[in-house]
4 protein chains.
Amino acid sequence: MPKKEQIREAAIKIIARDGFFNATTDKIAKEAKVAVGTLYNYFTSKEEILDYIFAVEFEKRAAFYQNMKNWRMDWFLKINGILNFHLQEFQKEPDIAIILLAERMNAHRYGLTSLANFSQLSLIISAILQQGIDEKKIRPCNTQNISLFISGFLNELLFAITTKTTANTAAENYNHNFDNLEQSLDEFCTLLKTSLAVSAPES
Amino acid sequence: MPKKEQIREAAIKIIARDGFFNATTDKIAKEAKVAVGTLYNYFTSKEEILDYIFAVEFEKRAAFYQNMKNWRMDWFLKINGILNFHLQEFQKEPDIAIILLAERMNAHRYGLTSLANFSQLSLIISAILQQGIDEKKIRPCNTQNISLFISGFLNELLFAITTKTTANTAAENYNHNFDNLEQSLDEFCTLLKTSLAVSAPES
Amino acid sequence: MPKKEQIREAAIKIIARDGFFNATTDKIAKEAKVAVGTLYNYFTSKEEILDYIFAVEFEKRAAFYQNMKNWRMDWFLKINGILNFHLQEFQKEPDIAIILLAERMNAHRYGLTSLANFSQLSLIISAILQQGIDEKKIRPCNTQNISLFISGFLNELLFAITTKTTANTAAENYNHNFDNLEQSLDEFCTLLKTSLAVSAPES
Amino acid sequence: MPKKEQIREAAIKIIARDGFFNATTDKIAKEAKVAVGTLYNYFTSKEEILDYIFAVEFEKRAAFYQNMKNWRMDWFLKINGILNFHLQEFQKEPDIAIILLAERMNAHRYGLTSLANFSQLSLIISAILQQGIDEKKIRPCNTQNISLFISGFLNELLFAITTKTTANTAAENYNHNFDNLEQSLDEFCTLLKTSLAVSAPES
DNA sequence: GATGAATGAGAGTTCATTCAT
DNA sequence: TATGAATGAACTCTCATTCAT
C-alpha cells in the first residue's frame with residue numbers, strides 16, 4: 001500500500017479513538033508502521049493529515065453526488081438515496097464518522113481548506129429540493145433550511161451512534177443502536193415526505 | 001463577582017475562541033484576571049472547568065424544562081417554546097453555543113458527568129411528544145426519533161451560526177445568518193407540525 | 001496545647017510519613033488543625049519547622065547527657081545506658097527516628113543550625129571513652145572512631161526498623177524486628193566490651 | 001559516550017550536590033549537555049533516573065561480591081577486603097557515596113526496585129561470618145547483627161566524610177578527614193577481629 | 001525516501017509564602 | 001493572633017518538528 005494511504009488509515013484509527021489533540025504523531029506513526037519522520041515526507045504538519053482525511057472523504061461524497069445527478073428519479077428517492085449512502089459509509093467506516101463529527105470544529109478552527117468543500121454538499125441537496133419545487137412535487141419552502149435539517153439529522157444520528165456505546169447505563173431502553181438506524185432514517189424520510197410533498201393533484 | 005463565576009466566564013470565552021485544547025490555563029487565568037494557581041483553588045483540573053461549564057448550562061435548561069412541565073398548552077407550542085428558548089440562550093451567549101457544540105465530544109471522551117445529563121433533556125421532548133400521541137394530537141411515531149431530529153436541527157443551526165462568520169467566502173448568499181434564525185426555526189416547526197399533527201377531525 | 005507544639009507534632013507526623021519535600025505546609029497545617037498562615041506566625045519558613053524538630057530532639061538528648069555526667073558508673077554501663085536511652089526514645093516516637101535518619105541530610109544541606117549540635121553528642125561519647133582509657137579500663141584507641149561506630153550502629157538499626165516494615169517479602173527471616181532490637185543492642189555492646197575492655201589485671 | 005551514561009553521570013553530580021528533590025530535570029539536562037526531552041527518551045521519569053543510579057551501583061558491588069566468593073582466604077581478610085572495596089569506590093566517586101547515603105530513604109519511599117537489591121549484599125557478609133563460625137574461626141554470634149554493624153560503620157563513615165566538608169567550624173580537630181579513613185577502617189576491623197575471632201587453640 | 005534520536009517551547013499543575021480581613 | 005484565598009515562580013513531563021545518517 002502506498003505510504004501516504006498507510007498513514008492516512010493509521011491516522012483515522014488513532015484520531016477517532018483519541019481525538020485530534022491526543023493523537024500524537026508518535027502513535028500515528030507506530031500504527032502506520034512507519035517512522036515519525038516519514039509522516040513529514042508526506043505531510044507538512046499534523047494538521048495537514050487531518051485536512052487530507054477530510055479531503056479524501058469529501059472526494060468520495062462528491063463522486064457519489066456527481067454520479068447521482070444523472071439519476072432519473074423522484075426528489076424523495078434521491079434524498080433517501082443520499083441518506084442511505086451516508087449511513088452505509090459510516091457503518092462501513094465508523095472511525096470516519098467519528099472524525100467527521102468530532103473534528104470538524106477543529107478543522108474549521110485551523111481553517112483547513114477541505115472542510116469548506118463539505119458545505120457544497122448541502123448545496124446539492126438544496127438543488128434537488130429546488131428541482132422538486134420547480135416540478136411542483138414539493139411545496140414552496142426554503143431549500144437551504146431543509147437541507148440544514150437533513151444534515152442535522154445525519155450528524156445527530158452519528159453522535160448518538162458514537163457516544164451511546166459507553167454512556168447508556170440508566171436509560172438503556174431509550175438509546176438508539178445500530179439495529180434501528182434504518183428505522184430512524186425511514187422515519188425521518190417519512191417526516192420529510194409527509195411535510196414537503198405536494199399531495200397528488202386530485203382529478 | 002464570585003471568583004468561581006469569574007473563572008467560568010473567562011473559560012467560556014477562551015474555550016469558545018480557541019477550543020478546549022488550545023485554551024491554556026494561563027490564558028484562562030489571564031482572561032479571568034486571576035493567577036493560575038487560583039484556578040486550582042476552585043477546580044481540580046482544566047477538565048473540571050469544562051465539566052462545570054456544561055453543568056451550569058444543564059441546570060439552566062433543566063430549570064426551564066421543569067418549569068415548562070406546568071405549562072398548559074399544546075404539544076406544538078411546547079416544542080416551539082423549547083426551541084425558542086434554546087435559540088435565545090445561544091443568541092444571548094454565543095460562546096456557550098460554540099462550546100456545547102464543539103466540546104461535547106471531548107466532554108464525552110473525558111467521561112464528564114455533566115454531559116450525561118444533557119441526554120435527559122431529550123427525554124423530556126420525547127415525553128411531550130408521547131403526551132401528544134396519547135391525546136391523539138400527534139400521529140403515532142417513534143418519539144425518540146423525533147426528538148433526535150429536533151436536537152439535530154438545533155445543533156446544526158448552531159454549527160451554521162458558529163462557522164459561517166469566517167467561512168463564507170464563496171457561497172456567501174447560501175449562508176444563514178442571525179437574521180433568519182427565527183425563520184429557520186419557524187420552517188422547522190412547520191415541518192414538524194404538518195408532518196406529525198393529526199388533522200383535526202372533521203365534523 | 002501551645003500552638004507551636006501543636007504544629008511541631010503535626011509536622012513530625014507528616015514529615016515522617018511523606019518526607020520533608022512531600023510534606024506540604026497545607027498538610028501540616030491541616031494535621032495541626034490550624035490555618036496555613038498560622039504556621040508562619042511561629043516559623044519563618046518550612047525549613048525552620050524542620051530545624052525546630054531537630055532542636056527539640058537535641059535538647060532532650062543534651063539534657064540526658066548532661067544529667068548522665070553525674071553518673072558514677074563504669075564506661076561500659078554509661079555507653080550501654082546511652083544506647084538504651086536512644087532506643088527507648090525511638091520506640092516511643094518512631095516518627096522522630098524516621099525524621100532524624102531521613103532528613104539529616106536535608107538538614108545539613110540547608111545548613112540548619114540545630115543539626116550541628118548533634119555532633120556534640122558524639123563528643124560526649126568520646127569523652128566517656130577517653131575517661132575509660134585514662135582509668136585504664138579501656139585499651140588505647142581512637143575514641144572518635146569508636147564513637148563513630150556507635151552512631152553508625154544506632155543509625156543502621158533505625159534504618160532497618162524504618163524500612164523493614166514494607167520490604168521484607170522474600171528474606172523474611174533475615175529481617176530484624178522490634179522484638180530483637182534489644183538483642184541487637186546487647187550484641188553490639190558485647191562486641192564493644194570484649195574488644196575494648198582491658199582485661200582485669202591478674203594478681 | 002552513550003547518552004544514557006551521560007545522563008546518569010550528570011544526574012549523579014546534580015543529585016549529590018542538591019539532593020533528589022532540588023535536582024530539577026532542567027539542571028540535570030543542562031549538566032548532561034542534553035535537552036530536557038532527551039532525558040525522557042531514556043527514562044520514563046525523574047525517579048527512574050535515581051533507580052538507575054542505584055541499579056548501576058548495585059551491579060558493581062554484586063560483581064565484586066560474586067567474584068569474591070571464589071577467594072580463598074580468612075573471613076577477616078574478606079570482610080576487610082569488602083570494606084576496602086567500598087571505601088575505594090566512594091573515594092573514587094564521592095558523589096555516589098552521597099547519593100547512596102542521602103537518597104536511600106527516598107528510594108525506599110518510592111519503592112524503587114533497585115534499592116531492595118542492596119539488602120542482598122548484607123546477606124553475603126552474613127554468609128562470610130557464618131562460614132567463619134562454622135570453621136570455628138569466629139565465636140558464635142548473630143551474623144545478621146554483625147553485618148548490620150558493618151553496614152552502619154560504612155554509612156556513618158560516609159556521612160562523616162560527606163558532611164564534614166562544610167560543617168566543621170567549632171570542633172575542627174574532632175573531624176575525620178580523608179587522610180584517616182583508612183585508619184578508621186583499620187580500627188573498626190581490629191575491633192571486629194579482637195571481639196569475634198576465636199583465639200588460636202593453645203597447644 | 002526512510003529513519004528515529006534529539007530538541008525545547010510550552011503544557012498542566014503544585015505549593016511555599018503573603019496579606020487583607 | 002488567626003485565617004485561608006490569592007499568588008506566580010517553578011516544577012515535571014509531552015510532543016510536533018527537525019535533520020544527520
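Letters A, B, ... are given to chains in the order of the sequence lines, protein chains preceding strands, and every chain is numbered from 1.
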| note | Taken to the nearest whole Å, CG/Asp18(C) to C1'/dC15(E) is 14 Å

| message | What is the distance, to the nearest angstrom, from the NZ atom on Lys46(A) to the C1' atom on dT14(F)? | response | 11 Å

| How is Thr25(C) classified with respect to the nucleic acid when contacts are heavy atoms under 4.0 Å: base, sugar-phosphate, or nothing? | base

| field | Axial cation check for Phe159(C) ring with Arg104(D), 6.0 Å and 45° limits | value | yes

| request: Write down the distance between OH (Tyr40(D)) and P (dC11(F)), rounded to a whole number of angstrom. | output: 12 Å

| said: Does Phe90(C) form a side chain to side chain contact (heavy atoms under 4.5 Å, CB included) with Leu100(C)? I'd like the steps, not just the answer. | reply: CA-CA 10 Å; Phe90(C) 291 145; Leu100(C) 254 45; 3.9 Å; yes

| request: Considering only NZ, NE, NH1 and NH2 on the basic side and carboxylate oxygens on the acidic side, decide whether Lys4(B) and Glu48(B) come within less than 4.0 Å. | output: no

| request: Could you state the atom-to-atom distance from CD1 of Ile7(A) to C1' of dT17(F) in whole Å? | output: 15 Å

| Atom CZ of Phe43(B) and atom C1' of dG12(E): how far apart are they, to the nearest Å? | 15 Å

| message | Between Glu103(A) and Arg109(B), does any side-chain N to carboxylate O distance fall below 4.0 Å? | response | yes

| query | With both distances under 3.5 angstrom, what nucleotide forms a Watson-Crick or G-U wobble pair with dA6(F)? | reply | dT17(E)

| Which pairs pass salt bridge (charged side-chain N to carboxylate O under 4.0 Å, His left out) with one or both residues in residues 23-41 of chain D, sequence neighbours excluded? | Lys13(D)-Glu31(D), Asp18(D)-Lys27(D)

| task | Give the rounded distance in Å between these two atoms: CD1 of Ile49(C) and C1' of dC15(E). | result | 13 Å

| query | Which letter, B, S or -, goes with each nucleotide of nucleotides 1-8 of chain E from 5' to 3', with contact meaning a protein heavy atom under 4.0 Å? | reply | SBBBSBBB

| note | Between Glu47(D) and Asp26(A), the residue closer to the 5' end of DNA chain F by nearest nucleotide is Glu47(D)

| message | With a 4.0 Å cut-off on N to O distance, would you call Arg8(C) and Glu57(C) a salt bridge? | response | yes

| said: Here's a test of your reading of the structure: between Thr24(D) and Thr44(D), which maps to the more 5' nucleotide of DNA chain F? | reply: Thr24(D)

| Nucleotide dA16(F), atom P - distance to CZ of Phe21(B) in whole Å | 12 Å

| query | Which class fits the ring pair Tyr110(A) and Phe21(A): parallel under 30°, tilted 30 to 60°, perpendicular over 60°? | reply | tilted

| message | Rounded to whole Å, please give me the gap between NZ in Lys27(D) and P in dC13(F). | response | 15 Å

